Amino acid sequence: MAIIITDECINCGACEPECPNTAIYEGADDWRYKDGTSLEGKVVLPNGNNVDADEAQEPVSDEIYYIVPDKCTECKGFHDEPQCAAVCPVDCCVPDDEHVETEEELLGKQRFMHPPE
Ligand code: SF4
Ligand code: SF4
């Protein structure tokens, strides 16, 4: 399950540098699959979607920090717990019921974005 940032976010920015997948962006900023990952050019995501990893994507939110569900692994593969939730001063990084995934799926996403050398 991905994590989502609720509208209680105070835009402090503490979570962004903690994300091992670069899945967190400031409101109104474009995002890319390639940011902070090994992805480049045309790729097929684990969910079967074809995307261009280099292409700028529309912000998920224009007002508050946001998390890209396709890039969030709930920190699986890197940490024992979601790092954004651990540092957020107002506890607004919560499980996203719209993006429920198994641990295996989350680890698969992590390996896809960060293949072992
Ligand atoms: S749970 Fe981890 S991977 Fe997901 S947005 Fe938060 S810090 Fe990034
Ligand atoms: S740490 Fe919490 S309050 Fe601060 S920007 Fe991230 S989600 Fe918003």
Side-chain angles (χ1 to χ4, degrees):
M1 177 179 316
I3 302 295
I4 191 170
I5 294 174
T6 73
D7 59 10
E8 287 163 57
C9 172
I10 57 170
N11 283 324
C12 74
C15 55
E16 185 184 3
E18 302 301 323
C19 180
N21 294 312
T22 312
I24 304 175
Y25 292 81
E26 187 171 357
D29 279 0
D30 291 341
W31 65 274
R32 293 168 184 77
Y33 284 97
K34 75 168 185 183
D35 296 337
T37 73
S38 298
L39 303 178
E40 53 184 8
K42 307 272 188 213
V43 294
V44 182
L45 301 179
N47 63 15
N49 289 342
N50 289 281
V51 301
D52 183 343
D54 303 332
E55 193 178 332
Q57 310 284 340
E58 293 282 312
V60 174
S61 170
D62 284 332
E63 278 98 42
I64 55 172
Y65 278 74
Y66 66 87
I67 292 172
V68 176
D70 275 355
K71 297 182 78 178
C72 176
T73 65
E74 222 181 292
C75 285
K76 298 285 185 207
F78 290 108
H79 304 288
D80 291 338
E81 60 175 357
Q83 297 300 287
C84 50
V87 300
C88 180
V90 294
D91 293 334
C92 70
C93 303
V94 299
D96 181 358
D97 293 335
E98 302 281 313
H99 293 97
V100 179
E101 294 156 292
T102 65
E103 176 154 351
E104 210 33 63
E105 285 172 325
L106 291 167
L107 286 170
K109 279 167 72 177
Q110 193 268 346
R111 284 191 296 269
F112 175 74
M113 291 188 287
H114 308 277
E117 300 270 312

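Just so you know, ligand 1 is whichever comes first in the structure, and atom 1 is the first atom listed for that ligand. If you're wondering where the values come from, they're calculated on a predicted model, not measured in any experiment. For the single chain, residues carry numbers from 1 onward in sequence order.
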Check ligand 2 against [X] and write out every atom of the ligand that is under 4.0 Å from a heavy-atom position of the residue.
X: Pro89; result: 1 (S)
X: Cys92; result: 2 (Fe), 7 (S)
X: Cys93; result: 7 (S)
X: Gly13; result: 4 (Fe), 5 (S)

Using every non-hydrogen atom in the two residues, find where [X] and [Y] come nearest and quote the distance to one decimal.
X: Arg32; Y: Lys71; answer: O-NZ, 2.8 Å
X: Ile67; Y: Pro69; answer: O-CD, 3.3 Å
X: Val87; Y: Ala14; answer: CG2-O, 3.8 Å
X: Gln83; Y: Glu81; answer: NE2-O, 2.9 Å
X: Asp30; Y: Ala56; answer: OD2-CB, 3.8 Å
X: Gln57; Y: Asp52; answer: NE2-O, 3.9 Å

> Heavy-atom contact under 4.0 Å between Val87 and ligand 2?
Replying inline: no
Looking at [X], which atoms of ligand 1 are within less than 4.0 Å of one of its heavy atoms?
X: Cys19; result: 3 (S), 5 (S), 7 (S), 8 (Fe)
X: Ile3; result: 1 (S)
X: Pro82; result: 1 (S)
X: Cys75; result: 1 (S), 2 (Fe), 3 (S), 7 (S)
X: Thr73; result: 3 (S)
X: Asn21; result: 3 (S)
X: Ile67; result: 5 (S)
X: Ile24; result: 5 (S)

Nearest to [atom], what protein heavy atom do you find, and at what distance?
atom: atom 4 (Fe) of ligand 1; answer: Cys72 SG, 2.3 Å
atom: atom 3 (S) of ligand 2; answer: Ile10 N, 3.4 Å
atom: atom 8 (Fe) of ligand 2; answer: Cys9 SG, 2.3 Å
atom: atom 6 (Fe) of ligand 2; answer: Cys15 SG, 2.3 Å
atom: atom 2 (Fe) of ligand 2; answer: Cys88 SG, 2.4 Å

Residue pair [X] / [Y], side-chain heavy-atom distance below 4.5 Å:
X: Pro82; Y: Cys93; value: no
X: Glu98; Y: Ile4; value: no
X: Val51; Y: Val43; value: yes

> Under a 4.0 Å heavy-atom limit, does Ile5 contact ligand 2 with its side chain, its backbone, both, or neither?
Replying inline: side chain
>> Test of understanding: given a 4.0 Å heavy-atom threshold, classify the contact between Val90 and ligand 2 as side chain, backbone, both, or neither.
In response: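 It is the side chain that touches ligand 2; the backbone stays farther off.
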>> I need the single residue from Cys84, Cys75, Cys15 that forms a side-chain contact (heavy atoms from CB on, under 4.5 Å) with Ile3. Which is it?
In response: Cys84
>> Let me check your reading of the structure: within less than 2.8 Å of atom 6 (Fe) of ligand 2, is there an N/O/S atom from Cys84?
In response: no
> Do we see a donor-acceptor contact under 3.5 Å between the side chains of His99 and Asp70?
Replying inline: no
> Is a side-chain N or O of Glu105 found less than 3.5 angstrom from the main chain of Thr102, in a donor-acceptor match?
Replying inline: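 Here the side-chain-to-backbone pair exists.
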> According to the interplanar angle, ranging from 0 to 90°, do the rings of Tyr25 and Tyr66 count as parallel (below 30°), tilted (30 to 60°) or perpendicular (above 60°)?
Replying inline: parallel
